[in-house]
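Both ligands and their constituent atoms are indexed starting at 1 by order of listing. From a predicted model like this one, the values you see are computed outputs, not experimental measurements.
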Amino acid sequence: MEFLFVVEVDLEALSKSNKFSREEMDKIAFQDFESLGKLEYSIDEKRVDEILGEKAFCGGDLPEDVFQDLETQLEGETSGSYFWNDKEAADKFANFCEKEEVKFEMKSLENQDWNEKWRENFKEIIISENLKVTPSWDKKEDNTKEVFIYPGMGFGTGNHETTYLCLKLFEKIVEELNESDRCLDFGCGSGILGIAALKKLKSSVDFVDIDVDALDNCLLNLQLNEFEDYNPYHELVLRDRYQVKEEAFPIVFANILENVLLLEREIITRSTKKKGYLIISGLLKGQETEILKAYEKEFKLVEMEVKGDWVALLTQRIDS
Ligand SMILES: C[S@@+](CC[C@H](N)C(=O)[O-])C[C@H]1O[C@@H](n2cnc3c(N)ncnc32)[C@H](O)[C@@H]1O
């Protein structure tokens, strides 16, 4: 078994001691002691949500300012963990730290397959006995009970509470829908919700997003789910080019932030057929009140689901 020998410099103590800056420490470890690299800190999704709240709920790519925000808030939680693959080299750097009175800790780590480790974050997600989300590498054969997704590209791996809740609510009405019912996935990200609809209904889906990369990812996921033959019937549309069709949709998904749901209220409403269902999410607990108020003239609440801090609403367009 391969090991990494790690010397973890206590960066907080280092900055208090005023002896070396972080940059100087990097230079010493890399140039003078030939460290192979520095372990980056990693944090789980829950901690990111805790720090960024609503801002964590973006498309596939985090904007630069959100990254910066995260980095600022994580100051002090980072560690200067330099590593080597032989113990003697790590010991030399540790001796230097000791001599210079730099606080540190020594560790050895199993050299993991980081690709494998990343994959461990994406396990299948069971929505019900009739629907689950499976990462692409676990696909065996195509079937109507599994939505296959290339994880990590567009928002919508099924891991996020809001995606899960939308799928759960969709499952509640699927029996009521006709196979010919068309669907609109507004803010489609990876396309996960619309693809779930395609697996259950035999009709077509319009996928809309403001982000061209999300639409690219959505197309890949459509192909992964073997829907390329239907492609002429699906539309993948950039939001700027989206226009409400004469015939509105019996089922619409809109898993987007509260402010976007308010901004896009008119187009979402006009896109939903009378008596049709609109599944809304992207709402933190408490935000549903404002949304229900904004949509109350045209929609009635059928059911609400909550998971963690997030809420999803199943609403139905009033027939008047
Ligand atoms: C939270 S993700 C949801 C993705 C996927 N539908 C799911 O449920 O997992 C929201 C998506 O909405 C897109 N979006 C944001 N504002 C939008 C707008 N005004 N119109 C359409 N899409 C928008 C984002 O680019 C992002 O892909």
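- Taking 4.0 Å as the cut-off, Cys188 counts as a neighbour of ligand 1 on heavy-atom distance.
- Checking Gly156, Gly187, Gly189, Gly158 against atom 6 (N) of ligand 1, the nearest heavy atom belongs to Gly187.
- Aromatic ring pairs are classed by plane angle as parallel below 30°, tilted from 30° to 60° and perpendicular above 60°; the pair Phe3 and Phe5 is tilted.
- In summary, the atoms of ligand 1 found under 4.0 Å from a heavy atom of Glu264, numbered by their order in the structure, are 18 (C), 19 (N), 20 (N).
- Proximity to Val260 (heavy-atom distance under 4.0 Å) selects the following atoms of ligand 1: 16 (N), 17 (C), 18 (C), 19 (N).
- Heavy atoms of Ile192 found under 4.0 angstrom from ligand 1 belong exclusively to the side chain.
- In Asn255, the parts holding a heavy atom less than 4.0 Å from any atom of ligand 1 are both the side chain and the backbone.
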Please determine whether ring-ring contact (aromatic ring centres under 6.0 Å, His included) holds for the pair Trp84 and Phe33, giving the CA-CA distance in whole Å, both sets of side-chain angles, and the decisive distance to 0.1 Å. CA-CA 9 Å; Trp84 291 260; Phe33 291 91; 7.5 Å; no
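- Distances below 4.0 Å separate heavy atoms of Leu193 from the following atoms of ligand 1: 6 (N), 8 (O).
- Among residues two or more places apart in sequence or in another chain, the side-chain contact (heavy atoms from CB on, under 4.5 Å) test is passed with Ile210 by Arg239.
- Considering backbone and side-chain atoms together, Asp209 places an N or O closer than 3.5 Å to an N or O of ligand 1.
- Taking the six-membered ring for Trp and thresholds of 30 and 60 degrees, Trp310 and His160 have ring planes more than 60 degrees apart, a perpendicular arrangement.
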For Tyr242 and Ser271, what are the C-alpha separation, side-chain angles and deciding distance, and is it a side chain to side chain donor-acceptor pair (under 3.5 Å)? CA-CA 11 Å; Tyr242 176 71; Ser271 298; 2.9 Å; yes
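- With Lys275 contributing its side chain and Ile318 its backbone, the two residues share no donor-acceptor pair below 3.5 Å.
- By heavy-atom distance, the residue among Phe253, Phe155, Phe186 lying nearest atom 2 (S) of ligand 1 is Phe155.
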Donor-acceptor pairs under 3.5 Å, side chain of residues 180-188 to any protein atom, not counting sequence neighbours: which ones?
from   : atom 1 : to     : atom 2 : distance (Å)
Asp181 : OD2    : Asn178 : N      : 2.9
Asp185 : OD2    : Gly194 : N      : 2.9

